[in-house]
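Have a look at the structure below, then the notes.
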Amino acid sequence: MAPALCANCNTERALIKRPKNHAKLCKACFIKVFEEEVHHTIISSRLFHRGEKVAIGASGGKDSTVLASVLKILNERYDYGLELVLLSIDEGIKGYRDDSLETVKRNAVQYDMPLKVVGYDELYGWTMDQVVATIGKKGNCTYCGVFRRQALDRGSKMLGIKHVVTGHNADDIAETVLMNLLRGDLARLSRSTSIVTGDSRSEVKRSKPLKYSYEKEIVLYAHHKKLDYFSTECIYSPEAFRGSARSLIKQLERVRATAILDIVRSGEDMARLVPRDTSSSCSCKEQKNAAPIALAEDDVGGCGSQNGRTPGNEMAAMDKQLRDNEVHEKFEIDVAKVISEGKKTGPEKQQWGLPTRNGNSATGAVGGQVLGNCERCGYMSSQATCQACTLLDGLNKNRAQIQI
Amino acid sequence: MGSESAATIPITVDFSGGLEMLFDNQRRYLISLPVTDESGKAANIAFLIEHLCKHYMKDPRADLFVLDGHIRPGILVLINDADWELEGEEAYEIKSKDNILFVSTLHGG
Ligand SMILES: [Zn+2]
Ligand SMILES: [Zn+2]
């Protein structure tokens, strides 16, 4: 087979076939176009403002490493005027973070960015090893995931930084869309597609500049730029990606590569059908003025190094549930609830079934849930006590019992 | 006859993105791949994958590398740094000194 030439420069040999449009590109053109697309997302969503201090949630993994690299380049190329800091979370699993933290430390030098590492013990008073010693290995991914979701916010607050960016990619978003669709959780579906989470009420804003970037291209970008990243899986969930929604996404991609972005766009479109929606799309198409918002608590949250992925066997568990026929009933109830609440809160503009493009949620009701703050820690929560504080309650009771 | 069946192609095979864990934590292998498969067909990527599973896989979780006889979706294959989709995928016939990289996108972000 004669080597194909790059569709862009027509001189170099094509090495990349882009999943989103099958364009064949050479290494240099691919790197350029990948960066420019992230720039486009940043500009069209108005993610940053000049002089802003931004923490990059850094795990040493591919996504956050690519994010740090691209943000550094764009910040210089387009003079964003950002002050970038790497923020790493240490879950306190002995041995588990050693290599990835070493990677982040090297990244800090390579990208000339300050690095701050905060531990679960500093944030919650518990390391994951202590959690496991208390509750056993079963179900601890829930703790890890819930703690992780807030860790970056709490860590940023400690540093006095109001904006955290994470490496969530298009595959992550597509996976969350599918999971919420299968759950029939329309409210969460609408929020999961947002590029920005957190609002004026939360102290820390979160965003995902790689939201439209294929995981495949992130890996290829890291490979061709020879970036230094670390691959691992959470040692407490060795089965992490078997039978997961992730596998389904990858199989769909294999059959038709555009499927991933199609699911992301579909998620955004469906989000617009949800009453009181504040979901997102690339703003240049939507004539929106600012990036819309969502609840940070809903941020896709998996376990360990699985940057924002659903725990692996969740899909299998759901499959079983579906066969048990319970979900069908629940689904109907949920939809009915969402419809009625939507109508209650906004009778004229927020009619069910009509696209709602200007859902400025003054009352704080988003898709049928009421936003509030955890009365313990102040983190955004739809309950009086947030998930993390609820789990901590249980843990602390256990510790008390053990000590007696 | 004996020398013919023993003829091999020298290639390098790299694993990254976490796949090295399935191959004894070794990222690079210098491999002498038989020139043809059992049926006498020229060695291609499909044959290499089979060969790797048979002789180099050091982990019971082979299904993290192959699924239903094919490379698991989510694992990228680069042939001399080019996406294998540009090179004919499994049917690509392996040449001397080729570099084949298997990189997982499935491990942590
Ligand atoms: Zn080019
Ligand atoms: Zn709380």
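Convention: sequence-line order gives letters A, B, ...; per-chain numbering from 1.
- Under 4.0 Å is where a charged nitrogen must lie from a carboxylate oxygen, and between A/Lys17 and B/Glu89 no such pair does.
- Residues A/Leu15 and B/Asp83 have side chains not in contact (no heavy-atom distance under 4.5 Å, counting atoms from C-beta outward).
- Taking OG of B/Ser104 as the start and NZ of A/Lys62 as the end, the distance is 8.0 Å to the nearest 0.5 Å.
- Contact detail for A/His223 and B/Asp81: the closest heavy-atom pair is NE2-OD1, 2.6 Å.
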Can you give each donor-acceptor pair under 3.5 Å made by side-chain atoms of residues 257-264 of chain A, sequence neighbours left out, with the distance rounded to 0.1 Å?
{"from": "A/Thr258", "atom 1": "OG1", "to": "A/Arg256", "atom 2": "NH1", "distance (Å)": "3.1"}
{"from": "A/Thr258", "atom 1": "OG1", "to": "A/Asp262", "atom 2": "OD2", "distance (Å)": "3.4"}
{"from": "A/Asp262", "atom 1": "OD2", "to": "A/Arg256", "atom 2": "NH1", "distance (Å)": "3.2"}
{"from": "A/Asp262", "atom 1": "OD2", "to": "A/Arg256", "atom 2": "NH2", "distance (Å)": "3.3"}

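- Residues A/Arg254 and B/Pro73 share a closest heavy-atom pair of CB-CB, 4.3 Å.
- For the pair B/Glu85 and A/Lys216, the salt-bridge criterion is met [side-chain N within less than 4.0 Å of a carboxylate O].
- With a 4.5 Å cut-off on side-chain heavy atoms, A/Ile16 and B/Leu86 do not count as touching.
- Here the straight-line distance linking atom OG of A/Ser247 with atom CG of B/Leu67 works out to 7.5 Å at 0.5 Å rounding.
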Problem set entry | Stepwise salt bridge (charged side-chain N to carboxylate O under 4.0 Å, His left out) check, B/Arg72 with A/Glu253 | CA-CA 12 Å; B/Arg72 191 184 175 98; A/Glu253 181 185 29; over 6 Å; no

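- With a 4.5 angstrom heavy-atom cutoff, B/Ile79 touches chain A only via backbone atoms.
- Both the backbone and the side chain of A/Gln251 come within less than 4.5 Å of a heavy atom of chain B.
- Defined by atom type and a distance below 3.5 Å, a donor-acceptor pair is present between the side-chain atoms of B/Thr105 and A/Lys250.
- Under the ring-ring contact (aromatic ring centres under 6.0 Å, His included) criterion, B/Phe23 pairs with B/Phe15, B/Phe65, sequence neighbours left out.
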